Amino acid sequence: MVKFLDLQKITAKYADEIHAAASRVIDSGWYLQGKENECFEADYARYIGSRHCVGCANGLDALIWIFRAYIELGVMAPGDEVIVPANTYIATILAITENNLVPVLVEPDASTLQIDDSKIESRITAKTKAVCIVHLYGRCAYTDKIGEICRSRGLKLIEDNAQAHGCIFGGNGKKTGALGDAAGHSFYPGKNLGAFGDGGAVTTDDETLAQTIRSLANYGSSRKYVFKYCGRNSRLDEIQAAILGVKLRHLDEDLEARKQVAAYYYGNIKNPLLRLPVPAARESHVFHLFPILCSRRDELQRYLADNGIQTLIHYPIPPHKQECYSEWNDLSLPITERIHAEELSLPISPVMTQEEIETVVKIVNQFK
Ligand SMILES: *Cc1c(COP(=O)(O)O)cnc(C)c1O
């Protein structure tokens, strides 16, 4: 059987270093807000290419804190609008509505599955304060046009980098997570840089924003027992930071392996019943997922399962069709709806064997 993602095997690859890192924290007697966080934050900021990194409890919180900090700093106010792709994981949208900001859903480009930058300007109003792009599936969603719109209109550019650690925008060689004003990252175990539980981080060049987020995620504390904001407890554990430090050192090597799987898929999947997104530049896609599109998606998924290939759908129901957002259920977003109806994610990971990769291709190509 070809597993969708074999986390056990991924961990086994670096088991000795991971065990050593975890033991170091266990034996140290220091489990929160210590040097492991300090060290990982510095390493991750350097890796992404941003001045500051603030660890927090998970990727959703990272995004929530960015908007909340902008509200605390008077840059945004409840009721303001944030432009965001309509086809994303729900967490991007939740981070906006959690702060009583209003998501303005923009359709993606059907060939890249990323926000369509030609549809952003017409959605800007007097209330628009930010554009939040999502590097969905691990593919860079940033374009020069998006950067230019944000600069010329004075909008904050926020990145949801939960799926794209290590992805590079070819235009300027910067990594995603360092392309805008602030970025939220997730270290959920299944992500390309995954912890052994929940974890997240914000990267930014803005020191005031970073300090505000650090306070908000630590009960709103500015100094010990002095509370400037009504915050929450949303911190990254020392043990997770230590493990993430190990995995970060191997991330580029893992991403390279993912890119090789993807290149093989692109070169060898040939089936008129399927469509693949147009290929991205090599550096601009880290293949957290490998999406394919098929009008008989559910049938294809069953067929692959019957032939021993695990797949997942990212995601079966778009945010505007969810019960929690019933006020948008009647919106018509045909490109988004079609992607959600047709998307299927093939197995991809740094630990797939050549035999597994070839099996996937062979069976996918035989679907009739
Ligand atoms: C995983 C994910 C998140 C949320 O991260 P968590 O750490 O699971 O809270 C946000 N946005 C996107 C696009 C994601 O894939």
Side-chain angles (χ1 to χ4, degrees), residues 4-5 7 40 44 53-68 82-99 101 103 105-106 108 112-115 130-142 157-167 176-177 179-180 182-203 213 216-217 232-237 240-241 243-244 247-248 258 285-291 312-320 322 324-325 336 339-340 343 345 348-349:
F4 181 73
L5 181 68
L7 274 182
F40 174 69
Y44 194 64
C53 169
V54 182
C56 65
N58 55 67
L60 172 59
D61 275 4
L63 293 165
I64 288 175
W65 295 134
I66 292 169
F67 291 109
R68 172 77 187 278
V82 178
I83 289 174
V84 64
N87 66 318
T88 180
Y89 181 55
I90 196 82
T92 322
I93 312 291
L94 286 173
I96 297 167
T97 57
E98 171 78 16
N99 282 293
L101 296 164
L105 305 176
V106 170
T112 63
L113 313 180
Q114 307 301 324
I115 192 167
V131 175
C132 179
I133 55 174
V134 182
H135 307 294
L136 198 67
Y137 308 123
R139 178 178 186 138
C140 182
Y142 179 87
L157 176 58
I158 294 159
E159 296 172 84
D160 180 338
N161 200 43
Q163 302 191 356
H165 327 75
C167 178
T176 60
L179 292 163
H185 308 256
S186 166
F187 308 125
Y188 175 82
K191 298 286 159 78
N192 287 9
L193 179 59
F196 287 12
D198 279 311
V202 173
T203 53
I213 289 172
L216 285 167
R232 277 200 290 113
N233 177 350
S234 169
R235 300 178 299 214
L236 184 65
D237 297 345
Q240 301 299 346
I243 290 166
L244 285 166
K247 294 188 80 174
L248 179 60
R258 285 179 181 272
H285 203 326
V286 290
F287 293 99
H288 171 55
L289 296 166
F290 192 92
L312 289 175
I313 296 167
H314 297 92
Y315 299 89
I317 307 170
H320 72 284
Q322 298 287 352
C324 63
Y325 292 127
T336 296
I339 293 169
H340 287 263
E343 196 276 345
S345 300
I348 191 161
S349 80

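Predicted model, so just to flag it, every value in this text is computed and none were measured. When a ligand or atom number is given, it counts from 1 through the structure's own listing order.
- The shortest heavy-atom distance from His135 to ligand 1 is not under 4.0 Å.
- Within the set Ala162, Gly199, Gly190, the minimum heavy-atom distance to atom 3 (C) of ligand 1 is found for Ala162.
- Distances between N or O atoms of Ser186 and those of ligand 1 include at least one value under 3.5 Å.
- Across all their heavy atoms, Ala62 and Ala201 have their closest contact at CB-O, 3.3 Å.
- The minimum heavy-atom distance between Trp65 and Ala217, with the atom names listed, is NE1-CB, 3.8 Å.
- Asp160 OD2, 2.7 Å is the protein heavy atom nearest to atom 11 (N) of ligand 1.
- Using the six-membered ring where Trp is involved, Tyr44 and Phe187 have ring planes that are perpendicular, over 60° apart on the 30 and 60° scheme.
- Any N or O atom pair closer than 3.5 Å counts here, and Leu136 shares no such pair with ligand 1.
- Ranking the protein heavy atoms by distance from atom 9 (O) of ligand 1 puts Leu60 N, 2.9 Å first.
- Residue Tyr89 approaches ligand 1 through these ligand atoms, each under 4.0 Å from one of its heavy atoms: 2 (C), 3 (C), 12 (C), 13 (C), 14 (C).
- Looking at atom 10 (C) of ligand 1, its nearest protein heavy atom turns out to be Ala91 CB, 3.4 Å.
- Between Leu94 and Leu60, the closest heavy-atom pair is CB-CD1, 4.0 Å.
- The aromatic rings of Tyr89 and Tyr315 sit tilted relative to each other, their planes meeting at an angle between 30° and 60°.
- For the residue pair Glu159 and His135, the shortest heavy atom distance occurs at OE1-NE2, 2.8 Å.
- The protein heavy atom nearest to atom 2 (C) of ligand 1 is Lys191 NZ, 2.7 Å.
- Summary of contacts: the protein heavy atom closest to atom 15 (O) of ligand 1 is Gln163 NE2, 2.7 Å.
- The minimum heavy-atom distance linking Ala164 with Thr176 is given by the pair O-OG1, 3.2 Å.
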